[in-house]
Amino acid sequence: MDNDFYADAIRCFVTDGKPVSCVAHGCGHINHTYLVTTDTGRRYILQMLNGGVFHDPEGLMENVVAITRHIAAKCADPRGSLHLNPTADGRLYVRGEQGHIWRLFDYVENSLCLQTPETPEDFYQSAIAFGTFQRQLADFPAETLHETIPDFHNTPVRYRQLRQALAADVCGRAKDVGPEVAFVMAREAEAGRLHGMRMRGELPTRVTHNDTKLNNVMLDADTRKPLCVIDLDTVMPGLAAYDFGDSIRFGAATAAEDEKDLDKMEMDLDAFETYTRGFLEACPDLTDLERQTLPLGAKTMTLECGVRFLTDYLAGDVYFDVHYPEHNLDRARTQFKLVADMEKKWDRMAAIVSRLSET
Ligand code: GN1
Ligand code: MG
């Protein structure tokens with residue numbers, strides 16, 4: 001515990017034993033996450049919220065507390081919902097000296113967190129996890145949630161932000177992204193379709209996770225069945241197609257989000273089918289129109305994520321953590337390759353959803 005930065009934060013929380021180690025943990029692009037071990041062997045997840053991304057940490061923590069309690073009340077296994085540990089005076093987060101917000105979760109013991117599915121069954125189970133999450137929150141009063149990142153999946157706003165970054169061109173990078181910008185702009189009308197349907201009330205607003213990457217699911221290490229869903233900072237009112245779509249974007253991709261060899265990047269139709277099967281099983285109450293929009297959710301979330309990476313590249317990498325200068329551009333390119341591949345497979349994606357909807 002040689003680092004005052006997090007050692008000071010841990011000391012605010014009541015822990016079982018004295019913290020003896022704290023190491024960086026996980027693969028998130030936004031918050032800073034550490035695994036803390038105490039001298040009794042208990043493990044915790046210490047997390048510092050990214051204040052540049054989350055402007056209302058109090059509201060965000062109110063969301064997380066309410067959601068985790070709501071889910072915990074429905075689970076027999078204590079690992080079925082994240083558990084926040086309080087400070088000595090009963091608060092569930094602290095504001096450190098530099099203004100950072102810290103919180104301490106129990107570590108989910110005997111669990112697995114995967115970056116890619118090792119088997120189709122893993123991906124199916126992640127669909128069950130996110131589908132169950134949505135179902136567990138179906139009776140949660142969505143209107144009481146704070147909007148932790150306004151317009152998070154408002155794709156037209158994401159386009160506007162891209163245009164602003166292009167016009168400002170603060171790093172002189174606009175000249176290098178002509179083909180990517182052309183690709184995005186050619187799809188603008190379609191990218192706004194889901195948002196338009198939401199605004200017209202054609203699709204029900206649900207409590208959604210909004211960041212349904214495979215690595216936000218914890219599986220039991222023995223049974224490989226889902227324990228819980230993590231990374232609850234973007235839980236907000238949204239569309240079922242957002243959660244479905246973001247899972248496909250990440251987990252049905254045949255390459256990593258930052259793969260440089262675009263030939264490796266495709267959308268695996270078998271994986272698409274596997275996930276669709278799990279999601280429809282876990283969320284049997286989706287409306288017909290919600291089911292029909294699932295492929296559009298996959299395409300929209302992938303395009304939108306690419307737009308966000310591209311915008312951040314143009315803006316000088318101020319949002320997503322990057323490990324080298326072109327990291328965000330490489331990420332944007334994989335997303336656009338994935339969109340192009342979905343377009344090739346579009347009819348088959350729609351056919352899979354419609355066949356699985358009938359069974
Ligand atoms: C961010 O931090 P992480 O990896 O869980 C981002 C998601 C993106 C994702 C892309 C709050 O999630 O929206 O889809 O990176 N989270 C936020 O990998 O912006
Ligand atoms: Mg995450």
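Every number for a ligand or one of its atoms is a count from 1 in the order of the listing. Scope of the values below: all heavy atoms of this structure, side chains included, with no hydrogens, waters or symmetry mates.
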Checklist entry - Quick check: does Lys213 get an N/O under 3.5 Å from an N/O on ligand 1? => result yes
Next on the checklist: Test of understanding: given a 4.0 Å heavy-atom threshold, classify the contact between Asp211 and ligand 1 as side chain, backbone, both, or neither.
Outcome noted: side chain
Checklist entry - Checking salt bridge (Lys or Arg N to Asp or Glu O under 4.0 Å) for the pair Glu188/Arg163: CA distance, chi angles, key distance, verdict? => result CA-CA 12 Å; Glu188 185 165 13; Arg163 283 200 167 85; 2.8 Å; yes
Checklist entry - Rounded to the nearest 0.5 Å, how far does OG1 of Thr155 lie from CE of Met301? => result 5.0 Å
Next on the checklist: Below 30° counts as parallel, above 60° as perpendicular, anything between as tilted: where do the rings of His209 and Phe133 land?
Outcome noted: perpendicular
Checklist entry - Is there a donor-acceptor pair closer than 3.5 Å between any side-chain N or O of Asp151 and the backbone N or O of Asn154? => result no
Next on the checklist: Between Glu343 and Arg187, does the salt bridge (Lys or Arg N to Asp or Glu O under 4.0 Å) criterion hold? Intermediate values first, please.
Outcome noted: CA-CA 11 Å; Glu343 288 173 350; Arg187 288 156 179 81; 2.7 Å; yes
Checklist entry - Numbering the atoms of ligand 1 from 1, which are under 4.0 Å from a heavy atom of Arg249? => result 10 (C), 14 (O), 18 (O)
Checklist entry - Which ligand 1 atoms are under 4.0 Å away from a heavy-atom of Tyr319? => result 11 (C), 17 (C), 19 (O)
Item to check | Residue Phe309 vicinity, atoms of ligand 1 by number, heavy atom under 4.0 Å | outcome: 10 (C)
Next on the checklist: When you measure from the heavy atoms of Arg331 to every atom of ligand 1, does any distance fall below 4.0 Å?
Outcome noted: no
Next on the checklist: Please confirm whether Arg308 approaches ligand 1 to less than 4.0 Å, judged on its heavy atoms.
Outcome noted: yes
Next on the checklist: If you measure every N or O of Thr234 against every N or O of ligand 1, does any of those distances drop under 3.5 Å?
Outcome noted: no
Next on the checklist: Yes or no: does Phe152 have any heavy atom under 4.0 Å from an atom of ligand 1?
Outcome noted: yes
Next on the checklist: Measuring from atom CG of Leu338 to atom CZ of Phe250, what distance do you get when rounded to the nearest 0.5 angstrom?
Outcome noted: 11.5 Å
Item to check | Leu112 and Arg224, any side-chain heavy atoms less than 4.5 Å apart | outcome: yes
Checklist entry - Under 4.0 Å from ligand 1, counting heavy atoms only, is it the side chain of Asp231, its backbone, both or neither? => result side chain
